[in-house]
Amino acid sequence: MDKKIAFLGAGSVAEAIISGMIRSEVVNKEQIIVTNRSNLERLEQMKNNYGVQCTTDKEEAFSYADIVMLAVKPNNVEESLESIKAYLNPNQLIVSIIAGVTTESIRSNIGIDAGVVRVMPNTSASIGRSATAITAGEFASEQQVTLVESLFQSIGITAIVKEEDMHIVTAVSGSGPAYFYYLVEAMEKAATESGLEKEIADKLITQTILGAGEMLKQSGETAAGLRKKITSPKGTTEAGIQQLEEKKFQQIVIESLKCARDRSIELGKN
Ligand SMILES: NC(=O)C1=CN([C@@H]2O[C@H](COP(=O)(O)OP(=O)(O)OC[C@H]3O[C@@H](n4cnc5c(N)ncnc54)[C@H](O)[C@@H]3O)[C@@H](O)[C@H]2O)C=CC1
Ligand SMILES: O=C(O)[C@@H]1CCC=N1
């Protein structure tokens, strides 16, 4: 892809996307320019780690970009868009990774009818395993959406969704990896508190979660079906599941994801 991509924001998600895209060779490092507000040390780190261009000069970064990637926190949207809008033009494609914030809100903040495409990837982008949801704003062309799909397919799988579904998508697959990590932390505690060496526990748990994920993908069976196959009557799994049911584990997970969804709605309103 021969497009120039300028990143507004050099945080963890920008880094995951940049490292994934360079790794997949969908773009090369010379095509990427990264900016942040003022953290020169962070820009230096990005330059050293990935060979991308870095600057705090917004004009230099955004005037010549074909694709503008917005990777700032939701509460920095207004001030950061204000700092670049003078350098944007309607032919550029604006891709927003920002949770909660609508394509229309971005378009009205930049004040031009550029195509805005909103995406919700996750940090597994850095190893080419993101699950990215994509939605098109009013002025985004089909061609622009296809371009965004192919960019993000280079760092994992993509799905096109309706804009109103972006809130629940953010809870499920944007924040999702964090919930799995949280579960793994608890499994590690159970293992080490029962005397297992941490290194062995980590190795077994990581492979268990990977294997379960691959089973979900490859077996053609439902999660419930796969679970039932492991749950022998009066066996160990049943004892564990009984405790999860008593403590209303599924209800807790459902409510937690709804809290994340509602927070995304709130971030958009603010
Ligand atoms: N962390 C994650 O797993 C995911 C995050 N997101 C979204 O990505 C966005 C960024 O998240 P993180 O990378 O985690 O945040 P972060 O806090 O690590 O990075 C934010 C970046 O924005 C920069 N920034 C702030 N104000 C600026 C300004 N005025 N001009 C230029 N740069 C400015 C900061 O210097 C920093 O480099 C958020 O909107 C978040 O909702 C989306 C998917 C996954
Ligand atoms: O926690 C957040 O707000 C961002 C959005 C999805 C993942 N991290």
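Order of appearance sets the numbers: ligands from 1, and atoms from 1 within every ligand. Reckoned from all heavy atoms, side chains included, excluding hydrogens, waters and symmetry mates.
Using a 4.5 Å cut-off on side-chain heavy atoms (C-beta onward), L70 and L81 make contact. The shortest side-chain heavy-atom distance between I33 and F62 does not fall under the 4.5 Å cut-off. Residues L147 and L93 have side chains in contact (heavy-atom distance under 4.5 Å, counting atoms from C-beta outward). In this structure, the side chains of T55 and L43 stay at 4.5 Å or more apart for every pair of heavy atoms. Residues V148 and Q144 have side chains not in contact (no heavy-atom distance under 4.5 Å, counting atoms from C-beta outward).
There is a side-chain donor-acceptor pair under 3.5 Å between E255 and Q251. Side chains of Q153 and T158: a donor on one and an acceptor on the other come within 3.5 Å. Counting only N and O atoms by type, the side chains of K58 and S83 include a donor and acceptor under 3.5 Å apart. A donor atom on one side chain and an acceptor atom on the other are not found under 3.5 Å apart for N48 and Q45. Side-chain atoms of E60 and Y87 include no donor-acceptor pair closer than 3.5 Å.
For atom 13 (O) of ligand 1, the closest non-hydrogen atom of the protein is V13 N, 2.9 Å. Of all protein heavy atoms, the one lying nearest to atom 28 (C) of ligand 1 is S80 CB, 3.5 Å. Closest to atom 3 (O) of ligand 1 among all protein heavy atoms lies T123 CG2, 3.4 Å. Scanning the protein for heavy atoms near atom 25 (C) of ligand 1, the closest one is N76 OD1, 3.7 Å. Of the protein's non-hydrogen atoms, A71 O, 3.7 Å is the one closest to atom 20 (C) of ligand 1. Protein heavy atom in closest approach to atom 5 (C) of ligand 2: A99 CB, 3.8 Å. Among all non-hydrogen protein atoms, the one lying nearest atom 23 (C) of ligand 1 is G9 CA, 3.7 Å. Nearest protein neighbour of atom 19 (O) of ligand 1, counting heavy atoms only, is G11 CA, 3.2 Å. Protein heavy atom at the shortest distance from atom 34 (C) of ligand 1 is N36 CB, 4.4 Å.
Atom 42 (C) of ligand 1 has its nearest heavy-atom neighbour, among I97, L70, V34, in I97. Around atom 17 (O) of ligand 1, the closest heavy atom drawn from E82, K58, K73, E78 belongs to K73. For the residues G100, G174, P177, P121, the heavy atom positioned nearest atom 43 (C) of ligand 1 is part of P121. Nearest-residue assignment for atom 7 (C) of ligand 2 (options A260, P121, G174; heavy-atom criterion): G174.
Using a 4.0 Å cut-off to heavy atoms of M120, the atoms of ligand 1 that qualify are 42 (C), 43 (C). Residue L8 approaches ligand 1 through these ligand atoms, each under 4.0 Å from one of its heavy atoms: 30 (N), 31 (C). Annotation for ligand 1: atoms under 4.0 Å from non-hydrogen atoms of A10 are 21 (C), 36 (C), 37 (O).
Between R118 and E163 there is a salt bridge, since at least one side-chain N of the basic residue sits less than 4.0 Å from a carboxylate O of the acidic one.
Linking ILVMFWY side-chain heavy atoms closer than 4.5 Å, directly or via other members, places I67 and I112 in two distinct hydrophobic clusters.
Geometrically, ligand 1 and R37 share a nitrogen or oxygen pair separated by less than 3.5 Å. Among the atoms of S12, some N or O lies under 3.5 angstrom from an N or O of ligand 1. Considering both main-chain and side-chain atoms, V72 comes within under 3.5 Å of ligand 1 through a nitrogen or oxygen pair. For ligand 1, the polar-atom distance check against A99 finds a nitrogen or oxygen pair separated by under 3.5 Å.
Distance check on atom 2 (C) of ligand 2: every protein heavy atom falls at or beyond the 4.0 Å cut-off.
The number of heavy-atom neighbours closer than 6.0 Å to CD of E197, taken from other residues, nucleotides and ligands shown, is 12 or below.
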